[in-house]
Amino acid sequence: MSTELPKTYEPASVEATAYQTWLDAKAFHADPADPGESFCIVIPPPNVTGALHLGHAINNTLQDILVRKARMDGHNAVWIPGIDHAGIATQAVVEKQLKEIENKTRHDIGREALVQRIWEWKQQYGDRILSQLQRLGCSCDWDRTRFTLDDMCARAVRETFFKLFKDGLIFRGKRLVNWDTHLQTSISDDEIYYENVKTFLWHIKYPIVEGTEGKSDEATKRRSDEGGRTPSPTLPQGGGSGSIPSPLGVGEGGGRPDHLVVATTRPETMLGDTAVAVNSADPRWNWAIGKFVKLPLTNRLIPIIADDILVDPKFGTGCVKVTPAHDPNDYAVWQRHQGKADQIDLINILNSDGTLNENAGTYKGMRRDLGRKKVVEDLTHQGLLVKEEPYETQVGHSDRSKTAIEPYLSDQWFVHMAPLAEPALEVVRQGLVKFHPERHAQQYLAWLGEKRDWPISRQLWWGHRIPIWSKEFGTRAEATTIMQEMSKSFECENNAARLHESDGRYFVLVCLGDDTCGDLVTGKISTILERDGFIQDPDVLDTWFSSALWPHSTLGWPEKTPDLAKWNPTTVLITARDIITLWVARMVMMNLYNMGENRWTSQTAEEAKTKISDRKSEIIRHIPFAHVAINPTILDGKGERMSKSKGNGVDPVEIIDTHGADALRFTLTTMATETQDVRLPVKKLPDGRNTSDKFDFGRNFCNKLWNASRFALANLESACPLLNQQSTINLADLSLADRWLLSRLARTVAEANAALASFRFDHYAHVCYEFFWRDFCDWYVEIVKPTLKDPRQAAITAPVLAAALDQSLRLMHPVIPFITETIWWKLNDVVTDRSLPGLVNAPAAKLLIKAAWPTPSASLIDDRVEKDFTLLQETIVAIRNVRNEHKVDLKRVVQVTIAAIDEPSAKILLANQQTIALLATCELQAVKVAAPAPADAVRTSAGNCDIFIAGMIDADAEKQRVAKRGEDLAKLIATLEGRLGNAGYIAKAPPHLVEQTQKQLADAKAELAKL
RNA sequence: GGGCGAUUAGCUCAGUUGGCUAGAGCGUUCGGAUCACACCCGAAAGGUCGGGGGUUCAAGUCCCUUAUCGCCCACCA
């Protein structure tokens, strides 16, 4: 017997073999020259820092489903795998290791050595991630595995940076960044977490100075130079007598106070204050606008300005100290007032390590917490501290170093977003890029719509080094001259130079797009530059900069490769919703920019809209992907997001060990709904590994498939002679069950197609489950058991069984590839041709992964057949039901008489009486219209046919059963009568519904009457 | 504070444009070692669809409101 298959499906014994077979057959490998419609998915590259968890498992399972389906559809399909170098996260991990094992910092070993160590680390952990994907069954084209820091990606990064620089979209600027004083790097907003900290709100007196004599600060000078205009034209005259009395700082003389009070949680930052802001509509303070205060401890004079955005008069004292260099809101004030009459200064008081610098005067060198203590002490001594009130606030901390972040003014590189964002917004608005579910587009549009400039420099060593060399010159003229000379010697188009002015200093910045196109004699351009005193920027790029290029950089861009021509735009991106902004939006921007012929940008929304409307067919070739499908978030048992940083991630390999890869995949796929996140309680095994009962669902399904296949294979083998002399089978030769099964099969394939086309993975898994377990196993297989033993009947049944199994395996292969592939080989051994000519086409294939997707003839879908079969099912269930209620022994054959409602029903039931007898363990006495009820028989019904079962002796059980049915009917009748009694219903509801209700009522009444 | 989502059986979730006596799996109860499968088979119990309004002939489904939970964004000196 060919079914030496074990009774229970053992994933471990087949998975490795199947996977190796696919690899050996190069089944994952794609060639752009091959025929077939392009289908491409690029993997969301997992961070090299961590092992994969179940969140990755669901994401990659869904991708694998689509790519396997596409392959079976005959598309030229490729799935590009890869890993992200994850800048700060990776460097932090290796630095931590360095500290723990060797007690060294990165400065001890230097840039090159550290980067070398990170590469070693990457090798080890990157391989682990790839092997996890392989255990999961991912059919990635491993020959095309990329790393965001490899040479191919680096080339794309340099080229992109260069183009952006040349187009003026990259600029250098001083910005307030989130500064990690420990790692001494800027970090992005998403790398910050907030902690509640109990501190104080200190209220500090700032004395008001009448007049402006004695002031010497720049801002005042500038204002004087500009003619001493009134700072705030909206200032109402004679304020101060307003109805709100000032509780604080009322001076002895007159009605006006001689000082104002500000409140702060960070008193040490007052050393960098450059203004005090009030609301122009606040009568308590608006009279003071334009005056000055003497900043305590430093004795600098700083202006009182109006800023209605910053200051909420209802909050606190109504006066806000402004420290532009150390607070994001205050920085915004500085920006708002730049170039205006009341522009203010910007003073940085911190060093990059978080200590106070020379601008902090006598506090220089102190750490920020010490400085704070000292400032409070000194203010207290001077009697300027009004109040110290307990206060709880949230302080941002670095995700990596766990230390408090500091808003810090620093030189950074930025990408100017607006011109890139407009086209990216428009392609989504116009539906060239579609989100699934659609609502996620909102987040994308909202975020991108802000067009906030993108800070791309990171003070790290691990990453793409910024391809800029710079040198300072004494004067603008000198710098300009050098620029001109350089432009002569730079024949190559791939380099650009620009003059940069900062704080009155002049720099020449040179961006090298392609360092290799220098003079062949003198060598690389960078070498020449460095010889001339230019130095390369020490910073590296934000990881997202390289990730943003992923859909084209992985395919070889900027080279015009066959891969790129074939597979970009890619077909669909599947990702988690938390990186819609950081990643998805940027990919859309950069693909449009890089792949568009003329590095297209748009200054206005209108311009973008017009261009895209007019040239849709062209633009559609420049998007990175046509669809973005968002997969659910995996939560742990407590409902918290599974993530590496939280440490609650579960390794999919542990689940695969206990349940099998297919069970994991199938279960996760049923959970991939559009709305719900997936809550996955896990439990610890004695050996410390995790597992979860949730995956029993998938494991059971696989086991069912395994055993149904064992049954089918054993029976097909014995029917083999019949199969090989197979003659054409006509629909008319088939039994009701055969035709029903084929109808259900065809319907299921259609539903699966629709589900996958709309990224409803849960629907796909669901229809597979229903068809295979419920229809195929529970009904069809049970019905054909005796048929298969009769050679005459088996001549029809066996081919149908073989075809149905063949199609089922194809249908389910994308979600459960290992088990279906393994069974496929066995099926190939037993029956070579499973086609039913004209009905089911089943082209032979050695490997299922390369087989054709099922395409049973649509004409097989037959509502009439399905309805007739339902009558058969209901009849059987009704008899089983009564048997169970009466506790009839399973083996006891009961006598049944069926009084059919009409001739067609009688005909169906009569034709299938053997099936009824078999599945309901009964003997049919009579099946005909209006058959008389035998004496002492219990009555039940199905499809309005009366079913009489003789020999039921449990009177109590019967009484109960009848009573319950009577109650149900009474309820139903009341509902239906109510509906029909409603004049509106009769008048307005569609006639077929009214008719249906009337019929239901009549049937219910008739049944009740018979009870 | 703004945006999005969720709330349906003990648990985890489906429920397509409003039109069923609201479904599934697990769990529970009853019956079963039947020769594909006990990771199984047959059957049953279990829900006024978070609360309150409204629209409609008809609401789990649409609108308003409210409560609770989750996520994203912006964050109060």
Side-chain angles (χ1 to χ4, degrees), chain A residues 3 5 7-9 189-190 194 201 262-266 277 310-312 314-323 327-330 391 393-394 437 439-440 442-443 446-447 450 577-578 580-581 633 635 639-641 659 663 667 670-671 673-681 693-694 696-715 754 758 760 762-763 766 769-770 774 777-778 781-782 785 877 880-885 887-891 919-921 968-969 971-972 975-976 979 982-990 992-994 996-997 1000 1004:
Chain A
T3 53
L5 303 174
K7 255 177 89 165
T8 301
Y9 173 56
D189 291 344
D190 54 291
Y194 289 87
L201 196 58
V262 299
T264 180
T265 54
R266 304 205 42 200
L310 178 73
V311 186
D312 174 4
K314 293 192 288 292
F315 190 89
T317 62
C319 303
V320 183
K321 65 192 273 301
V322 181
T323 323
D327 182 280
N329 290 310
D330 295 358
Y391 193 77
T393 186
Q394 290 198 319
R439 69 185 129 89
H440 290 296
Q442 287 177 46
Q443 200 184 331
W447 184 83
E450 290 181 26
R577 64 172 178 268
D578 55 337
I580 288 173
T581 54
T633 305
L635 312 174
E640 291 187 27
R641 196 181 128 74
H659 287 76
T667 308
T670 60
M671 291 170 160
T673 67
E674 283 198 325
T675 50
Q676 291 289 96
D677 285 337
V678 176
R679 192 179 275 228
L680 267 180
D693 297 341
K694 287 280 162 217
D696 291 358
F697 176 72
R699 182 199 58 189
N700 295 353
F701 183 67
C702 289
N703 194 55
K704 190 70 180 176
L705 169 60
W706 186 255
N707 276 291
S709 302
R710 283 176 67 215
F711 169 85
L713 289 168
N715 282 278
S758 57
R760 285 308 303 262
D762 57 325
H763 286 176
H766 182 75
Y769 181 95
E770 284 296 312
R774 305 274 84 100
C777 293
D778 288 355
V781 166
E782 292 306 322
K785 273 179 179 171
V877 167
R880 282 174 175 172
N881 189 332
V882 171
R883 294 179 54 109
N884 265 300
E885 294 284 337
K887 302 204 188 309
V888 174
D889 187 278
L890 268 186
K891 294 195 178 73
L919 298 188
T921 324
D968 290 349
L969 284 171
K971 258 189 234 166
L972 178 60
T975 307
L976 296 174
R979 193 174 300 164
N982 184 336
Y985 181 68
I986 305 292
K988 295 192 182 177
H992 74 273
L993 285 173
V994 177
Q996 181 189 309
T997 309
Q1000 283 173 336

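Numbers restart at 1 for each chain; the letters A, B, ... are given by sequence-line order, proteins then strands.
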Can you tell me the distance, in whole Å, between the CG atom of A/D889 and the C1' atom of B/C30?
14 Å
C1' atoms of B/C72 and B/G47, separation to the nearest Å:
33 Å
If B/C40 has a Watson-Crick or G-U wobble mate with both distances under 3.5 Å, name it; if not, just say none.
B/G32
For the side chain of A/D778, counting heavy atoms from C-beta on, which of B/C39, B/G42, B/G32 is nearest?
B/G42
With a 4.0 Å cut-off on heavy atoms, is A/C777 in touch with a base, just the backbone sugar-phosphate, or nothing at all?
base
Nucleotide B/A43, atom P - distance to CG of A/N881 in whole Å
8 Å
Scan A/V262 against the nucleic acid and name what it touches under 4.0 Å (heavy atoms): base, sugar-phosphate only, or nothing.
nothing
Which nucleotide wins on minimum distance to the side chain of A/R774, given the candidates B/C37, B/C41, B/A77?
B/C41
For B/C26 and B/C20, measure between their C1' atoms and round to the nearest Å.
26 Å
Which whole number of Å gives the distance between the P atom of B/G27 and that of B/C41?
12 Å
Can you check the A/R699 CZ to B/C40 C1' distance for me, whole Å?
12 Å
Taking the side chain of A/T975 as heavy atoms from C-beta outward, which of B/U21, B/C30, B/A77 is closest to it?
B/U21
Name the closest nucleotide to the A/E782 side chain, picking from B/G19, B/C37, B/G32.
B/C37
Specify the separation, in whole Å, of atom CG of A/L919 and atom P of B/U34.
18 Å
Could one point to a donor on the side chain of A/K785 or the base of B/A36 with an acceptor on the other under 3.5 Å away?
yes
Describe the nucleic acid contact of A/Y769 in one word from base, sugar-phosphate, nothing, applying a heavy-atom distance below 4.0 Å.
sugar-phosphate
Checking N1-N3 plus N6-O4 or O6-N4 for Watson-Crick, or N1-O2 and O6-N3 for wobble, each under 3.5 Å, the partner of B/A14 is none
Can you tell me the Watson-Crick or wobble partner of B/U56, both distances under 3.5 angstrom?
none
Taking any heavy-atom pair under 4.0 Å as a contact, classify A/R880: base, sugar-phosphate, or nothing.
sugar-phosphate
Mind checking if A/R979 touches a base, just sugar-phosphate, or nothing, with heavy atoms under 4.0 Å?
sugar-phosphate
Across all strands shown, which nucleotide pairs with B/A22 by Watson-Crick or G-U wobble geometry, both distances under 3.5 Å?
none
With heavy atoms under 4.0 Å as the rule, sort A/D327 into base, sugar-phosphate or nothing.
nothing
Just how far is it from atom OG1 of A/T921 to atom CZ of A/R883, taken to the nearest 0.5 Å?
4.5 Å
Please report the interatomic distance CG(A/L993) to CZ(A/R979), rounded to the nearest 0.5 Å.
8.5 Å
Mind checking the CG-CG spacing from A/L890 to A/N884? Nearest 0.5 Å is all I need.
7.5 Å
Is the backbone of A/V877 close enough, under 3.5 Å, to the side chain of A/N881 for a donor and an acceptor to pair up by distance?
no
Using a heavy-atom cut-off of 4.0 Å across all strands, would you classify A/L310 as base, sugar-phosphate, or nothing?
base
Pairwise C1' distance for B/U17 and B/U28, with rounding to whole Å
38 Å
Given atom NZ of A/K971 and atom P of B/U21, what is their separation to the nearest angstrom?
13 Å
Base, sugar-phosphate alone, or nothing: which one does A/A987 contact when heavy atoms must sit under 4.0 Å apart?
nothing
Quick one: ring pair (Phe, Tyr, Trp, His ring centres under 6.0 Å) partners of A/Y9, sequence neighbours excluded?
A/W706
Do A/E450 and B/A74 share a donor-acceptor pair, side chain to base, under 3.5 Å?
no
Scan A/G698 against the nucleic acid and name what it touches under 4.0 Å (heavy atoms): base, sugar-phosphate only, or nothing.
nothing
Rounded at 0.5 Å granularity, tell me how far CD in A/Q443 sits from OG1 in A/T581.
6.0 Å
Using a 4.0 Å heavy-atom cut-off across all strands, classify A/P990 as base, sugar-phosphate, or nothing.
base
Nearest 0.5 Å please: distance from the CG atom of A/L976 over to the OG1 atom of A/T997.
6.5 Å
Euclidean distance for C1', B/A45 against B/C63 (whole angstrom):
37 Å
Touch class at under 4.0 angstrom, heavy-atom based, for A/N982 against every strand present
sugar-phosphate
Nearest 0.5 angstrom please: A/N700 CG to A/K704 NZ, how far?
10.0 Å
Taking a pair as Watson-Crick or G-U wobble with both distances under 3.5 Å, which nucleotide is matched to B/C4?
B/G70
Presence of donor-acceptor pair under 3.5 Å, side chain of A/N884 and base of B/G31
no
For the side chain of A/V781, starting at C-beta, report the closest nucleotide among B/A36, B/A77, B/G19.
B/A36
Taking OP1 and OP2 of B/C37, is either one under 4.0 Å from a side-chain nitrogen or oxygen of A/K7?
yes
For the base of B/C37, is there a side-chain donor-acceptor partner from A/K704 under 3.5 Å away?
yes
Counting any heavy atom closer than 4.0 Å, what does A/Q996 reach on the DNA or RNA strands: base, sugar-phosphate only, or nothing?
nothing
Residue A/N707, side-chain atoms from C-beta onward, closest of B/C41, B/A43, B/A36:
B/A36
Which letters describe nucleotides 4-15 of chain B, given B = protein heavy atom under 4.0 Å from base, S = only from sugar-phosphate, - = neither?
SSS-----SSSS
Please state how far atom CZ in A/R883 lies from atom P in B/A43, giving the value in whole angstrom units.
11 Å
Among B/C72, B/A44, B/A36, the one nearest A/Q443 by side-chain distance
B/C72
